[in-house]
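Treat the numbers as computed from the prediction; the structure is a model and nothing was measured. Naming: A, B, ... by sequence-line order, numbering from 1 per chain.
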Amino acid sequence: MVKTRFAPSPTGFLHVGGARTALFNWLFARKHGGQFVLRIEDTDQVRSTAESAAGILADLQWLGLDWDCGPQPGTTKNEYFQSMRLELYNGYLEQLVKDGRAYEAYETPQQLATMRLAAEKMKRPFRYRRNMPGRAEPGSGPTVLRFEMPFETITFHDLILGDISVGGDEHDDIIIRKSDGFPTYHFAVVVDDHDMGITHVLRAQEHLMNTPKHLGLYKALGWQPPAHAHMPLVFNMDNTKMSKRDKTKAARAAAAAWVKQGNNSDTLSEKTGIPPNQLKEFLDKKADDSRIAAAIGAALNVALPEIDVQDFRRSGYLSDALLNFIALIGWSPGENREILTRDEMLQLFSLETIGKTSGRFDRKKLLWMNGEYIRQRSINDLQRDLAAFNAVTDYPLKQATETQQRELLAMYQERTGTLADMAENSRFFFEEPTLDAAAYKKHIESGNGWTALRQIRDMLTAVTDWSREPLAPVIEKIIELGEKRGAAPQTLRVAVCGGPVSPPLLETLCLLGRETTLARIDRILGLQRPTSGT
RNA sequence: GCCCUCAUCGUCUAGAGGCCUAGGACACGGGCUUUUCACGCCUGUAACUGGGGUUCGAAUCCCCAUGAGGGCACCA
């Protein structure tokens, strides 16, 4: 039976690249009627956090990628956390030592760094090997366990890339147990993949060069290795790696631009609520805290690039759209297909149709695709998406009743790329709009604006039954008002919405209600200076 | 520096020797529709990295060059 796994390390949020790896593993397992395992690789005691693990689970759930074995959301660590499996690792570690395949080493990190530097100076790659001269004496430093790699060419068949082979003198004796007693990634993956019966290891191409090391371990432990498949990477449009650092970079740039405008960085500290010393550390690139980045983005009203799954959720992307888009980077379903349901993906997915070339993350295409999903979706489904969106954001749209939500979704689904866009553009339904000065000047202050607005006010005041049927003919009349067709409705729109853009007036006025509509018109009429009357 | 991998429109890709005067989608340009913004519809621009082979024939196979990316941690 096919068994795949997704094995994130809980040191941050779930990255879109990680989400894609999870998706492909999920697809492959489901496609073949197999199992999908979620394993938390928390062997880095310093960087792993419980919150991160919880966040990753939540993001996977939002994406709809369910796992057959793994941590139970909302409970404590179980055996799918590597930190709970130390006994297992230690057993095999002992076995390797007994078999003479693992040995202790005592260099300090500083010594190792010096050795690397020396090798670099001689323009030779540094390889730590058991038989090399100058190894540290027992007791002279912390003890780690290294695995003695054989001096032989290792060739393996990658299900995506084909045959890969790496020469014997390229290997080195990797550390398999750190001085804190925890296994390293290399050792823990091998033990766990074997122990959990993983049949296919599908991971990002950055792991390609790890595979020979892992294969060496499988052989030494006498195990049959799983099949491997390395998928192409995903980059930014500028060909840089998509990373959390894109967010910190954007935040620093925003802060720098803000200071350049003559603002004081102390006020930034106040605005963000970040202590000055922490803020300074961040701005001086001494710390890469993404929370500080987010705070700066929020305070300065600058959108940071979405990198993590939760960023996309907050920006109002639908999980299905994000998943669909991510699937298409490095994989082609053929037949010129693009928009695919999960079932269709399952039908068409195969390792053979995964490409070899790395792809770029084209946000414009994602935006289009998200709009496409919003348009095709039923209002009921959209309401569920909106609930998930509202749960992690705080727009005035949150105040909408169920009925209002449905009306809003119906009028925005043709004209919005993301739920955040809709939330932003529909603000005027929930709070007094700030008047767009240019629009005011153009559509109200000039031409017949004032006259038209007064006429409109009178026409609307006459409507007592404020609903679609009675209102529709009135809107028609407003369209014909004045000599320039279409001018009057714009005047009304600006008066009521604050700006030149809104959904069609009929729907807009219906949802806004009679009282609010008339009050906003009157408020605008009150701005007219007596002398400028027509 | 060493090792590994990859190479089709700006971007994601189709293409498994003749079906390719290279197809689709996003983006971009033009037009239609229109109470704004969108949506929708029609339409246009745009690519086989270069050089050598192999072959009757190459985007497709081989070699070299170039370019891009990944790896070279007590991180995963």
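Contact check for A:Arg427 versus A:Glu424: side-chain heavy atoms found under the 4.5 Å cut-off. Residues A:Leu348 and A:Glu335 have side chains in contact (heavy-atom distance under 4.5 Å, counting atoms from C-beta outward).
Across all their heavy atoms, A:Pro433 and A:Val496 have their closest contact at CG-O, 4.0 Å.
Contact annotation for A:Asn210: base contact, defined as any heavy-atom pair under 4.0 Å involving a base atom. Within the 4.0 angstrom heavy-atom criterion, only backbone atoms of the sugar-phosphate kind lie near A:Thr43; the bases stay farther away. Within the nucleic acid shown, A:Arg124 has no heavy atom closer than 4.0 Å to any nucleic acid atom. Nucleic acid contact for A:Arg493: base, since at least one base atom lies under 4.0 Å from a heavy atom of the residue. When heavy atoms are screened at a 4.0 angstrom cut-off, A:Pro8 is found touching no nucleic acid atom at all. Residue A:Pro232 is out of contact with every strand shown, counting any heavy-atom pair closer than 4.0 Å. Looking at heavy-atom distances under 4.0 Å, A:Ile329 makes contact with sugar-phosphate atoms alone, never a base. At a threshold of 4.0 angstrom between heavy atoms, the contacts of A:Arg337 with the nucleic acid are absent. Contact annotation for A:Gly355: no contact, since no heavy-atom pair falls under 4.0 Å across all strands. A:Glu338 comes within 4.0 angstrom of a base, heavy atoms only. Using a 4.0 Å heavy-atom distance criterion, A:Phe235 is classed as a sugar-phosphate-only contact. Using a 4.0 Å heavy-atom criterion, one finds that A:Gly359 contacts the sugar-phosphate atoms exclusively. Nucleic acid contact for A:Glu107: base, since at least one base atom lies under 4.0 Å from a heavy atom of the residue.
Searching all strands for a Watson-Crick or G-U wobble partner of B:rG29 with both distances below 3.5 Å returns B:rU43. Across all strands shown, B:rU35 remains unpaired; no Watson-Crick or G-U wobble contact has both distances below 3.5 Å. Remark: B:rC48 base-pairs with no nucleotide in the shown strands. Criterion, Watson-Crick or G-U wobble with two distances under 3.5 Å. Nucleotide B:rA7 forms a Watson-Crick or G-U wobble pair with B:rU66, both donor-acceptor distances falling under 3.5 Å. Both distances falling under 3.5 Å, in either a Watson-Crick or a G-U wobble arrangement, place B:rC72 opposite B:rG1. Using N1 to N3 plus N6-O4 or O6-N4 for Watson-Crick, or N1-O2 and O6-N3 for G-U wobble, each under 3.5 Å, B:rU60 pairs with nothing.
Considering only residues two or more places apart in sequence or on other chains, A:Thr21 meets the side chain to side chain contact (heavy atoms under 4.5 Å, CB included) condition with A:Phe6, A:Asn25, A:Met231. Under the side chain to side chain contact (heavy atoms under 4.5 Å, CB included) criterion, A:Gln490 pairs with A:His443, A:Arg493, A:Pro500, not counting sequence neighbours.
Between B:rC39 and B:rG29, the two P atoms lie 13 Å apart (nearest whole Å). With C1' as the reference atom, B:rC64 and B:rG71 are 25 Å apart, rounded to whole Å. Here, B:rU13 and B:rC9 have their P atoms 11 Å apart, quoted to the whole Å. The C1' atoms of B:rA68 and B:rA73 are separated by 25 Å, rounded to the nearest whole Å. On the C1' atoms, B:rG18 is 32 Å away from B:rC26, given to the nearest whole Å. Comparing the C1' positions of B:rG53 and B:rA58 gives an interatomic distance of 12 Å, to the nearest angstrom. Nucleotides B:rU45 and B:rG50 place their C1' atoms 25 Å apart, quoted to the nearest Å. Nucleotides B:rC63 and B:rC6 are separated by 11 Å at their P atoms, to the nearest Å.
For residues 173-189 of chain A, proximity to RNA chain B is found at A:Ile175, A:Lys178, A:Ser179, A:Tyr185, A:His186, defined as any non-hydrogen atom under 4.0 angstrom from a strand atom. Non-hydrogen atoms lying under 4.0 Å from RNA chain B are contributed by A:Gln205, A:Glu206, A:His207, A:Leu208, A:Met209, all within residues 201-209 of chain A.
Separation of the A:Tyr89 and A:Phe182 ring centroids does not fall under the 6.0 Å cut-off. The distance between the ring centers of A:Phe147 and A:Tyr218 does not fall below 6.0 angstrom.
Below 30°, between 30° and 60°, or above 60°: for A:Phe349 and A:Trp331 the angle between ring planes is between 30° and 60°, a tilted geometry. Ring geometry for A:Tyr103 versus A:Tyr128: interplanar angle under 30°, hence parallel rather than tilted (30 to 60°).
Think of the region where chain A sits on RNA chain B: with heavy atoms and a 4.0 Å cut, that region ends 5' and 3' at B:rG1 to B:rA76.
Test A:Arg127, A:Lys213, A:Arg129 against A:Glu170 for salt bridge (Lys or Arg N to Asp or Glu O under 4.0 Å) and you get one pass: A:Arg127.
Expressed to the nearest 0.5 Å, how far CG of A:Leu322 lies from CG of A:Leu23 amounts to 9.5 Å.
The 5' end of RNA chain B is approached more closely, in terms of each residue's nearest nucleotide, by A:Trp331 than by the other of A:Ser502 and A:Trp331. Mapped onto RNA chain B by nearest heavy atom, A:Lys365 and A:Leu233 fall at different nucleotides, with A:Lys365 at the one closer to the 5' end.
Judged by a 6.0 Å distance limit and a 45° cone about the ring axis, A:Arg363 is not positioned over the six-membered ring of A:Phe325.
Inspection of the A:Tyr185 and A:His207 side chains reveals an N or O donor paired with an N or O acceptor under 3.5 Å.
Listed by first then second residue, pairs satisfying side-chain hydrogen bond (donor to acceptor under 3.5 Å, both in side chains) with a partner in residues 148-168 of chain A read A:Arg130-A:Glu148, A:Glu152-A:Lys219, A:His157-A:Asp163, A:Asp158-A:His230, not counting sequence neighbours.
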